[in-house]
Number of protein chains: 4
Amino acid sequence: MPKSPRKADHAGTSSNNRLESIVDAAALMFHTKGYAATSTQDIANEVGLLKGSIYYYINSKEDLLFRIIEESHEGALRAISTVSHLDVSPLAQSYALVNTHVKVFHDDRVKHSVFFREFRSLSDDRKEIIRGAGHAYSLFLRSILVEGQELGQVDPGLNTRMATSGIVGMMNSMSFWYQEGGSWTPEEIGSQFGEQVVLGLASEECIVSSGGRKSLIKQIRGELS
Amino acid sequence: MPKSPRKADHAGTSSNNRLESIVDAAALMFHTKGYAATSTQDIANEVGLLKGSIYYYINSKEDLLFRIIEESHEGALRAISTVSHLDVSPLAQSYALVNTHVKVFHDDRVKHSVFFREFRSLSDDRKEIIRGAGHAYSLFLRSILVEGQELGQVDPGLNTRMATSGIVGMMNSMSFWYQEGGSWTPEEIGSQFGEQVVLGLASEECIVSSGGRKSLIKQIRGELS
Amino acid sequence: MPKSPRKADHAGTSSNNRLESIVDAAALMFHTKGYAATSTQDIANEVGLLKGSIYYYINSKEDLLFRIIEESHEGALRAISTVSHLDVSPLAQSYALVNTHVKVFHDDRVKHSVFFREFRSLSDDRKEIIRGAGHAYSLFLRSILVEGQELGQVDPGLNTRMATSGIVGMMNSMSFWYQEGGSWTPEEIGSQFGEQVVLGLASEECIVSSGGRKSLIKQIRGELS
Amino acid sequence: MPKSPRKADHAGTSSNNRLESIVDAAALMFHTKGYAATSTQDIANEVGLLKGSIYYYINSKEDLLFRIIEESHEGALRAISTVSHLDVSPLAQSYALVNTHVKVFHDDRVKHSVFFREFRSLSDDRKEIIRGAGHAYSLFLRSILVEGQELGQVDPGLNTRMATSGIVGMMNSMSFWYQEGGSWTPEEIGSQFGEQVVLGLASEECIVSSGGRKSLIKQIRGELS
DNA sequence: GATGAATGAGGCTTCATTCAT
DNA sequence: CATGAATGAAGCCTCATTCAT
């Protein structure tokens with residue numbers, strides 16, 4: 001909690017570099033060792049400052065976490081925005097969302113992982129701030145699925161809320177294994193995950209009318225290109 | 001394991017209750033606040049002991065984490081064991097694994113969540129101990145998928161390793177949202193997740209030859225009943 | 001300090017064995033690891049009891065130290081007594097004292113070492129108790145030296161108090177190296193130390209009149225046999 | 001040495017004073033109450049800092065002990081060095097060593113005492129470090145005695161190893177009584193101890209050829225002046 | 001901007017001791 | 001006699017944070 005906002009608010013100043021490098025170092029260490037196990041000393045060492053010096057840039061260790069989570073969050077919201085502007089069918093949108101998510105995750109792996117794993121360490125106030133915007137993601141995906149059901153593209157028996165949880169969970173879990181997956185490009189992952197997800201959602205009629213699974217996927221990829 | 005095992009080895013004694021209640025209290029608090037943010041004081045308070053008194057039962061705070069993770073782990077391995085003894089087709093096995101996982105997770109939600117989220121806080125030695133057995137899970141699922149491909153049941157274009165990561169990730173992510181999902185029974189979740197997963201994996205031929213998606217699922221449920 | 005003498009006073013009872021074995025175990029561990037570094041747990045383990053159980057025999061950990069020191073002390077006092085009853089010349093008495101000391105030390109190495117090294121850990125009250133009797137030793141040696149000077153046997157220029165400190169210190173320092181000296185018998189040590197001490201003390205006239213250093217030693221050994 | 005040298009390495013900086021005063025305070029308390037019985041609190045109080053604050057200067061309580069022992073050790077080694085450069089007879093060298101030892105001890109009484117009495121409290125690693133250099137002292141004295149025997153100055157019947165133990169022990173035991181001996185100057189002690197030691201070692205021929213004990217001592221003092 | 005020094009609170013752990021059974 | 005369980009005090013150490021320079 002930003003008790004006393006005496007100092008630190010260097011947005012846009014020339015010291016932005018320093019602040020950024022502090023935030024980045026923090027993100028990397030929070031990702032590697034966890035928020036609680038990372039000391040301000042660790043972070044300062046990484047940037048070549050002394051422990052006390054980083055308080056010129058921030059007000060508290062939690063500030064760093066919040067900033068990291070905020071940044072990662074913006075990426076996620078950009079993903080929503082991008083996808084929501086696509087003028088395609090619901091299934092194609094869900095495919096696109098998975099794809100974009102993997103891409104966005106990849107581009108900011110570290111911070112996204114910190115977001116996913118250390119969200120809990122935020123103060124309650126800040127949890128609320130993030131959560132507010134956070135639900136948007138699930139709501140957006142769910143709205144796609146609902147629309148898909150209305151249009152008959154998505155299996156009508158599907159509990160859309162539950163499906164959303166599963167899909168979001170699958171994507172977020174990348175935080176835990178993405179490092180090991182050095183052998184796959186984000187495109188490959190996005191492609192396969194998109195396919196699995198879509199095929200798991202699609203209604204019988206949709207598949208039949210598309211001429212089968214392969215054709216459905218091909219058709220979706222066509223829509224999106 | 002900590003230096004010298006001077007004390008604390010009350011396995012099987014009549015004081016098991018106390019130890020168990022300490023472990024359970026710890027699990028709950030680790031789940032709620034995180035391992036690092038939970039103090040031994042917190043745990044002791046919860047059980048009605050003094051901070052120092054819990055060291056009559058354990059040797060270190062990390063012991064508690066280890067015990068919790070071990071216990072949750074055993075559950076997971078039992079799940080593998082159960083499923084691997086089923087004499088059914090690969091797709092039915094993957095369905096069963098997802099189902100069982102959800103059930104097992106539900107039965108020991110708290111400890112499973114602690115396992116998934118706080119694994120990192122273990123000492124390196126202990127990480128290794130758990131990890132050793134831990135890979136078994138992914139390997140098992142993957143072997144099912146590979147067999148499914150060989151039998152033509154699973155989409156031949158699927159990268160099984162990647163698919164495994166996604167499925168396991170989806171299931172593990174329950175740690176993050178299961179609490180909210182008070183409205184669904186584990187059976188419902190297992191059922192829908194199993195369905196989505198299977199449909200996302202199945203090959204074109206498999207679906208066609210089963211007479212469509214609905215039929216495939218029905219057939220699998222038949223195999224398993 | 002024996003706060004509340006509620007229990008523990010089993011002198012002469014049949015449980016003497018147990019008490020003795022506790023005291024002995026304690027002595028050994030205090031000698032090996034030091035008083036502060038030895039826990040009651042350690043001692044109890046050694047005797048095959050539980051930590052709490054030894055409090056049936058003693059009132060406090062310090063009791064053990066006190067008992068050990070007392071016992072070692074008695075040995076030292078017996079040495080004085082023995083030597084003081086010898087009807088020989090002062091130099092022969094100092095020779096005998098050194099000799100006896102080495103022997104007595106050897107016979108009760110462990111407790112003597114604890115006495116010498118852990119005396120400081122006693123409560124002030126008990127320090128006083130031991131010290132009272134303790135000075136006797138130095139005083140006795142010094143009285144021998146003084147008498148030696150009066151009789152012309154001991155170098156008249158010698159500061160007897162200082163000499164006493166040195167000699168006693170040399171003997172006590174056995175606590176630190178005796179273990180290593182597995183190659184020498186206590187007789188050998190006593191013999192050489194006695195010789196060095198006596199020759200360091202003897203007056204010119206005494207040596208001359210005895211016919212030299214060798215003769216003096218031979219003569220002293222004669223007196224004592 | 002403790003796990004990770006995260007901080008504390010202020011050698012040579014301007015804050016040396018603080019570190020020194022902490023080390024000195026620690027030395028005094030370790031000397032007075034013993035290492036184990038001295039708390040970091042005690043030390044901090046003495047220097048006017050908070051308990052935790054002294055960790056800005058050190059990494060562990062044992063660091064303090066080690067530093068103290070190291071410092072005292074250097075003094076001892078300087079003593080060897082000084083004496084070994086003297087171009088005098090072996091007996092004169094042993095006289096000089098005793099003398100120098102007393103002087104060096106006096107100059108750094110407190111730390112020397114801590115060294116002698118609390119060596120055992122060091123970690124095994126550090127024990128080894130000190131011990132390595134430590135044996136040098138005994139070896140040096142012994143080599144003097146051996147040379148003395150070869151030149152006929154030292155009693156040929158003497159077991160040099162045992163004599164070394166006794167002499168070193170006598171000198172080290174100053175830790176136990178020096179405080180009381182406020183009435184003697186280090187010169188007086190060194191002088192008498194040197195005399196006693198030399199006379200206890202000298203061979204019959206050496207004394208005779210020097211014209212008696214007094215003459216021998218006078219001659220040695222001549223050599224050294 | 002950055003440093004060095006210090007704070008103060010809290011965390012984990014140990015241990016002598018007690019006591020009902 | 002001995003156990004098992006618990007107490008309570010203390011100990012070592014870590015760390016986010018502050019602030020004068």
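Below, chains carry the letters A, B, ... as their sequence lines are ordered, and counting in each starts from 1. The figures that follow rest on heavy atoms only: side chains count, while hydrogens, waters and symmetry mates do not.
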**Report entry** R18(B) side-chain N/O to dG4(F) phosphate OP1/OP2 under 4.0 Å
**Finding:**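 So the side-chain polar atoms of R18(B) never come under 4.0 Å of the phosphate oxygens OP1 or OP2 of dG4(F).
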**Asked** Is the distance from OP1 or OP2 of dT3(E) to the nearest side-chain N or O of Y56(A) less than 4.0 Å?
**Response**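 So the side-chain polar atoms of Y56(A) never come under 4.0 Å of the phosphate oxygens OP1 or OP2 of dT3(E).
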Distance from [X] atom [atom1] to [Y] atom [atom2], nearest 0.5 Å?
| X | Y | atom1 | atom2 | value |
| --- | --- | --- | --- | --- |
| Q41(A) | L50(A) | CD | CG | 7.5 Å |
| E62(B) | S121(B) | CD | OG | 8.5 Å |
| L65(C) | I130(C) | CG | CD1 | 9.0 Å |

When the distance from [atom1] of [X] to [atom2] of [N] is rounded to whole Å, what number comes out?
| X | N | atom1 | atom2 | answer |
| --- | --- | --- | --- | --- |
| I54(D) | dA6(E) | CD1 | P | 12 Å |
| N45(D) | dT7(E) | CG | P | 12 Å |
| K33(B) | dG10(E) | NZ | P | 12 Å |
| L19(A) | dG1(E) | CG | C1' | 14 Å |
| N59(A) | dC19(F) | CG | P | 12 Å |
| I58(A) | dG1(E) | CD1 | P | 16 Å |
| I22(D) | dA6(E) | CD1 | C1' | 11 Å |
| Y57(A) | dT3(E) | OH | C1' | 13 Å |

Review point. Knowing that exactly one of R120(B), R126(B), K127(B) qualifies, which makes a salt bridge (Lys or Arg N to Asp or Glu O under 4.0 Å) with D124(B)?
Key: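 Per the salt bridge (Lys or Arg N to Asp or Glu O under 4.0 Å) rule, the option paired with D124(B) is K127(B), out of R120(B), R126(B), K127(B).
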Summary of salt bridge (charged side-chain N to carboxylate O under 4.0 Å, His left out) pairs that have at least one residue in residues 28-38 of chain B, sequence neighbours excluded: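 Counting only pairs at least two positions apart or across chains, the salt bridge (charged side-chain N to carboxylate O under 4.0 Å, His left out) contacts touching residues 28-38 of chain B are K33(B)-D42(B).
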Heavy-atom donor-acceptor pair, E118(B) side chain to Y35(B) backbone, under 3.5 Å: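 A pair under 3.5 Å: yes.
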Pairwise 5' ranking along DNA chain E for L49(D) and G48(A), keeping only the more 5' one
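This one resolves to G48(A).
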Apply ring-ring contact (aromatic ring centres under 6.0 Å, His included) to F116(D) and list each qualifying residue two or more places apart in sequence or on a separate chain.
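So F116(D) forms a ring-ring contact (aromatic ring centres under 6.0 Å, His included) with F176(C).
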Output field dot_bracket for DNA chain E (Watson-Crick or G-U, both distances under 3.5 Å, | for other-strand pairs) contains .||||||||||||||||||||
Can you list the residues that meet the salt bridge (Lys or Arg N to Asp or Glu O under 4.0 Å) rule with E128(C), with sequence neighbours excluded?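 Partners of E128(C) under the salt bridge (Lys or Arg N to Asp or Glu O under 4.0 Å) test: R131(C).
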Side-chain donor-acceptor contacts of residues 22-32 of chain D below 3.5 Å, not counting sequence neighbours, with atom names and distances?
residue : atom : partner : partner atom : Å
D24(D)  : OD1  : K111(D) : NZ           : 3.1
T32(D)  : OG1  : L28(D)  : O            : 2.6

Within the sub-3.5 Å range, which N or O atoms of nucleotides 8-12 of chain F have a protein N or O partner, and how far apart are they?
residue : atom : partner : partner atom : Å
dC12(F) : OP1  : K61(D)  : NZ           : 2.9
dC12(F) : OP2  : T40(D)  : N            : 2.9
dC12(F) : OP2  : T40(D)  : OG1          : 3.1

